2 protein chains.
Amino acid sequence: MGITKSEVFKKRQNHMATLAKAFDHPARVAILEYLLTNRTCITNDLVNQLPLSQSTISQHLKELKQIGIIKGEVEGPKLNYCIDEKVWEEARDVFINFFAKYVPKNCC
Amino acid sequence: MGITKSEVFKKRQNHMATLAKAFDHPARVAILEYLLTNRTCITNDLVNQLPLSQSTISQHLKELKQIGIIKGEVEGPKLNYCIDEKVWEEARDVFINFFAKYVPKNCC
DNA sequence: AACCATTATCGTAATATTGCGTTATAACGA
DNA sequence: TCGTTATAACGCAATATTACGATAATGGTT
């Protein structure tokens with residue numbers, strides 16, 4: 001149905017799924033990469049960098065902000081986006097922890 | 001449009017987005033967690049564990065298999081799923097690398 | 001062969017996502 | 001005040017995803 005039955009899953013599982021959404025679209029990966037290398041970004045810079053319209057980019061930024069992994073600050077007529085350190089590290093820990101759970105074994 | 005313009009993004013970005021899809025739904029996180037602790041699984045076990053129908057679970061398994069992060073082996077009338085070590089480690093590297101790109105700074 | 005258990009596939013419905021054009025909105029400078 | 005610029009918000013269309021019941025398909029068992 002396109003509707004995720006999140007209520008039947010554990011909080012941790014929903015949380016990871018939410019965080020993963022920050023990386024599950026190439027445009028969002030590109031935006032995050034831009035933020036990582038440029039430390040800060042203004043939407044208009046992204047419009048010049050990415051082959052997407054301004055409104056589409058704004059929407060991706062909104063989603064990233066909802067997830068919490070980025071935050072924006074008004075700077076005159078512009079908006080200064082940057083990575084939210086706390087959430088970033090939280091996401092990093094969640095993923096690294098998850099990946100660490102795997103212990104190779106010749107099972108199949 | 002619901003259609004992702006993947007052709008305009010870099011391979012790396014699309015690759016990460018694809019891998020992230022393995023984790024962007026709580027049911028898939030739950031399936032992977034089950035595989036992590038049980039090392040192996042038969043679909044029917046999951047049907048008993050998760051509050052989702054058999055067909056829905058089968059679909060999630062199919063997607064995980066398409067991503068490549070799990071693989072399945074026929075075992076009589078059953079199917080034995082397990083984590084694909086190579087892809088798992090590849091995903092781990094991609095994510096860890098990405099997370100490592102962030103250097104905290106008081107920017108905003 | 002008939003039957004059972006297990007899993008995949010199909011069809012369908014509901015909802016979500018992606019993308020864009022267009023229209024606000026807000027801040028600055030002339 | 002009036003443009004100009006930068007962003008957000010709205011609304012639409014197209015496609016994707018999620019979920020399930022029903023139906024196949026597969027392999028083993030009797």
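Given the structure is predicted, the values throughout are model-derived calculations rather than measurements. Numbered from 1 within each chain, the chains take letters A, B, ... in sequence-line order.
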Between Ser58(A) and Phe9(A), which is nearer to the 5' end of DNA chain D once each is assigned its nearest nucleotide?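 So the residue in question is Ser58(A).
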More 5' along DNA chain D: Asn44(A) or Lys21(B), using each one's nearest nucleotide?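 Result of the comparison: Asn44(A).
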Report the distance from atom [atom1] of [X] to atom [atom2] of [N], rounded to the nearest whole Å.
| X | N | atom1 | atom2 | answer |
| --- | --- | --- | --- | --- |
| Ile31(B) | dA19(D) | CD1 | P | 10 Å |
| Asp45(A) | dT7(D) | CG | P | 7 Å |
| Gln66(B) | dT9(C) | CD | C1' | 13 Å |
| Leu61(A) | dT17(C) | CG | P | 16 Å |
| Leu46(A) | dC20(C) | CG | C1' | 17 Å |
| Lys5(B) | dA14(D) | NZ | C1' | 14 Å |
| Leu79(B) | dT9(C) | CG | P | 10 Å |
| His60(B) | dA16(D) | NE2 | P | 18 Å |

Heavy atoms from C-beta onward define the side chain here; which of [options] lies closest to that of [X]?
| X | options | result |
| --- | --- | --- |
| Lys62(A) | dT7(D), dG19(C), dA9(D) | dA9(D) |
| Ile42(B) | dG19(C), dT7(D), dT7(C) | dT7(C) |
| Thr43(A) | dA19(D), dA8(D), dG19(C) | dA8(D) |
| Leu52(A) | dA8(D), dC20(C), dT9(C) | dC20(C) |

At less than 3.5 Å, do the side-chain atoms of [X] and the base atoms of [N] form a donor-acceptor pair?
| X | N | result |
| --- | --- | --- |
| Gln59(A) | dA9(D) | no |
| Ser55(B) | dG21(D) | yes |
| Gln54(A) | dA8(D) | yes |

If you take the centroid of each ring, where Trp contributes its six-membered ring, are Tyr34(B) and Tyr81(B) closer together than 6.0 Å?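 No.
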Please check if the distance between the ring centroids of Phe99(B) and Phe23(A) is under 6.0 Å.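 Yes, ring centres under 6.0 Å apart.
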What nucleic acid atoms does Ile57(B) come within less than 4.0 Å of, heavy atoms only: base, sugar-phosphate, or nothing?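 No contact.
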Tell me what Thr4(A) touches on the nucleic acid: a base, only sugar-phosphate, or nothing, going by heavy atoms under 4.0 Å.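 The answer is sugar-phosphate, as Thr4(A) gets under 4.0 Å only of primed atoms, P, OP1 or OP2.
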Could you pick out which residue, Ile3(A) or Arg28(A), lies toward the 5' side of DNA chain C when each is mapped onto its nearest nucleotide?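 Of the two residues, Ile3(A) wins.
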N/O (side chain, Tyr81(A)) to phosphate O (OP1/OP2, dA8(D)) under 4.0 Å: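 Yes, within the criterion.
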Distance below 4.0 Å between Ser53(A) side-chain N/O and dC20(C) OP1 or OP2: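 For Ser53(A), the contact criterion (side-chain N or O under 4.0 Å from OP1 or OP2 of dC20(C)) is met.
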Decide if atom NZ of Lys101(B) counts as having more than 12 heavy atoms of other residues, nucleotides or ligands within a radius under 6.0 Å.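 Counting other residues, nucleotides and ligands, NZ of Lys101(B) exceeds 12 neighbours.
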Decide, yes or no, whether a salt bridge links Glu63(B) with Lys21(B) under the criterion of side-chain N to carboxylate O below 4.0 Å.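 Salt bridge absent between Glu63(B) and Lys21(B).
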Determine whether a donor-acceptor pair (N or O, by modelled atom type, separation under 3.5 Å) exists between the side chain of Trp88(B) and the backbone of Ile69(B).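 It does not hold such a pair.
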Using only atom types and a distance under 3.5 Å, with no angle test, would you say the side chain of Asn14(B) pairs donor to acceptor with the backbone of Ser6(B)?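 Between the backbone of Ser6(B) and the side chain of Asn14(B) there is a qualifying donor-acceptor contact (under 3.5 Å).
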